[in-house]
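Notes to accompany the following structure.
Computed from a predicted structure; not experimentally measured. One is the number of the first residue; the rest follow in order along the sequence.
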Amino acid sequence: MREQIPVHIGERSYDVLIGPGVRSMLAEVIQGLGARRVAVVSARPAEWVPDTGVETVLLPARDGEPDKNLATVEALCAEFVRFGLTRNDAVVSCGGGTTTDVVGLAAALYHRGVPVVHLPTTLLAQVDASVGGKTAVNLPSGKNLVGAYWQPAAVLCDTDYLSTLPRREMLNGLGEIARCHFIGAGDLRGLGLAERIAASVRLKAGVVSADERDTGLRHILNYGHTLGHALELAGGFALRHGEAVAIGTIFAGLLAGALDRIGPERVAEHREVVEFYGLPTALPEGIETAELIRLMRRDKKALTGLAFVLDGPGGAELVHDVSEQVVTEVLERMPRQPLGQLIEPAGFHGTGAPLA
């Protein structure tokens with residue numbers, strides 16, 4: 001069963017197709033764009049990339065934070081030049097979230113913008129990075145600090161790709177799905193994997209359609225991300241993004257409770273949801289609270305002080321100038337565990353996809 005979810009942004013509108021085998025529609029999408037040449041940037045084996053129907057160059061990529069930088073973007077753009085790519089042509093990404101981000105930014109910058117089509121191959125990329133047009137790379141001082149808004153021409157979320165994912169990579173994506181519980185998607189715990197993907201994409205599509213450039217509503221998509229990004233950086237990316245966001249989601253619930261925005265039952269619900277998906281619930285040992293606060297001050301939402309997306313009586317919203325003392329107290333109360341225990345969680349609840 002396939003599902004088509006539209007992202008309505010005027011002339012930049014596009015569809016997200018979800019289901020088994022949807023990558024086979026790539027040639028049709030490319031034909032619709034009128035492209036004569038395509039540069040496919042893939043972090044996956046060549047046989048994972050479907051036929052584009054036009055002259056194609058296949059450029060290898062590597063998923064992972066080490067290559068998520070401006071040097072990789074520059075190298076890709078140089079390959080586009082060598083291939084003779086024009087504004088009338090297209091770029092295709094095939095890989096996980098970091099590949100999607102890097103290729104999206106390269107497409108946004110090359111010739112001031114060429115069409116890009118995403119073939120996300122991980123759960124994280126399908127529910128998050130591939131949809132919404134946010135492209136970015138890291139600097140040594142912070143995550144996603146250099147980027148641009150560049151909407152894809154189409155997104156093909158082929159669920160067949162997920163059948164090969166190892167357990168930890170599935171959990172990485174479930175971290176983003178878990179936080180959707182608190183930003184308007186409702187309780188997804190009783191659904192199958194494809195239904196969870198569709199619900200997450202449907203939520204994001206609606207938010208992006210209403211606020212493409214993070215002027216208001218779109219901030220809610222960063223639920224759990226402020227601490228999550230800090231944990232990734234402080235730990236040298238030993239934690240995967242979804243794992244860190246899961247911990248950040250629990251923290252967001254505790255902080256909202258400490259600020260009397262939500263009651264104890266809702267606070268507890270944050271932990272219950274994260275635990276259901278088999279995700280980590282404690283801070284890693286060895287990372288100082290002061291270091292986390294220093295990194296959270298660099299968050300793009302922190303304009304004058306610490307800022308967090310927090311649950312409240314009217315739902316999730318961005319809260320500015322949160323007391324550093326309260327943040328410190330909440331962090332200090334959170335349990336800590338050795339990293340090895342955090343990244344090998346015991347629980348796992350059926351995703352509908354086999355695990356390696």
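Contact record, L85 with A90: CD1-O, 3.8 Å, taken as the closest heavy-atom pair. The two atoms that bring L339 and P284 nearest to each other are CD1-CB, 4.5 Å, heavy atoms only. The two residues R87 and G113 make their nearest non-hydrogen contact at CG-O, 4.1 Å.
The ring-ring contact (aromatic ring centres under 6.0 Å, His included) test applied to H225 returns H229, H241, not counting sequence neighbours.
At least one donor-acceptor pair closer than 3.5 Å links the side chain of Q126 to the backbone N or O of P120. Between the R196 side chain and the I177 main chain, no donor and acceptor come within less than 3.5 Å of each other. D89 contributes no side-chain N or O that, together with a main-chain N or O of A35, makes up a donor-acceptor pair within less than 3.5 Å. Judged by distance alone, with hydrogens and angles left aside, the side-chain atoms of R37 form no donor-acceptor pair with the main-chain N or O of V54 at under 3.5 Å. A donor-acceptor pair under 3.5 Å is absent between the side-chain atoms of R36 and the main chain of T86, judged by distance alone. In this structure, R12 contributes its side chain and G133 its backbone to no donor-acceptor pair below 3.5 Å. A side-chain donor-acceptor contact under 3.5 Å links R179 to the backbone of L221. A donor-acceptor distance shorter than 3.5 angstrom exists from the side chain of D158 to the backbone of V22, with no hydrogens or angles considered. A side-chain donor-acceptor contact under 3.5 Å links D211 to the backbone of L217. A donor-acceptor contact shorter than 3.5 Å is absent between the side chain of H8 and the backbone of S13.
Donor-acceptor pairing under 3.5 Å is recorded for the side chains of Q151 and Y14. Side chains of D101 and T98: a donor-acceptor N/O pair is absent below 3.5 angstrom, by distance only.
Both L162 and V16 belong to a single network of hydrophobic side chains, linked directly or stepwise wherever heavy atoms of I, L, V, M, F, W or Y lie under 4.5 Å apart. Follow the hydrophobic side-chain contacts under 4.5 Å out from V81 and you reach V116 in the same cluster. Linking ILVMFWY side-chain heavy atoms closer than 4.5 Å, directly or via other members, places Y223 and V127 in a single hydrophobic cluster. Grouping the Ile, Leu, Val, Met, Phe, Trp and Tyr side chains by contacts below 4.5 angstrom, directly or via other members, places Y277 with L165. By the criterion of side-chain heavy atoms lying less than 4.5 angstrom apart, applied directly or through intervening Ile, Leu, Val, Met, Phe, Trp or Tyr residues, L318 is grouped together with I183 in one hydrophobic cluster.
Residues M170 and L193 meet the side-chain proximity criterion, which asks for heavy atoms closer than 4.5 Å. Side-chain contact between V274 and H270 is absent, with no heavy-atom pair separated by less than 4.5 Å. Within the 4.5 Å cutoff, the side chain of V131 has no heavy atoms near those of the V208 side chain. Between E176 and L124 the shortest side-chain heavy-atom distance falls below 4.5 Å. Residues N138 and N144 have side chains in contact (heavy-atom distance under 4.5 Å, counting atoms from C-beta outward).
Test L310, D311, L254 against I262 for side-chain contact (heavy atoms from CB on, under 4.5 Å) and you get one pass: D311. Partner of R62 under the side chain to side chain donor-acceptor pair (under 3.5 Å) criterion, out of D67, T99, T72: D67 alone. Each of R240, E275, Q341, E243 was compared with P280 under the side-chain contact (heavy atoms from CB on, under 4.5 Å) criterion, and only E243 meets it. Here the rule is side-chain contact (heavy atoms from CB on, under 4.5 Å) with L109, and of L76, T135, V73 only V73 fits it.
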Checklist entry - Can M296 and F308 be said to form a side chain to side chain contact (heavy atoms under 4.5 Å, CB included), step by step? => result CA-CA 9 Å; M296 288 191 289; F308 300 90; 3.5 Å; yes
Checklist entry - Given H118 and S93, is the side chain to side chain donor-acceptor pair (under 3.5 Å) satisfied, shown in steps? => result CA-CA 5 Å; H118 294 312; S93 74; 2.7 Å; yes
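Looking at R294 and E288, no side-chain N of the basic residue comes within less than 4.0 Å of a carboxylate O on the acidic one, giving no salt bridge. Salt bridge present: K204 and D128 bring a charged side-chain N and a carboxylate O closer than 4.0 Å. For R336 and E285, the salt-bridge test fails: no basic side-chain N is under 4.0 Å from an acidic carboxylate O.
Aromatic ring orientation, F80 versus Y110: perpendicular (interplanar angle above 60°, classes split at 30° and 60°).
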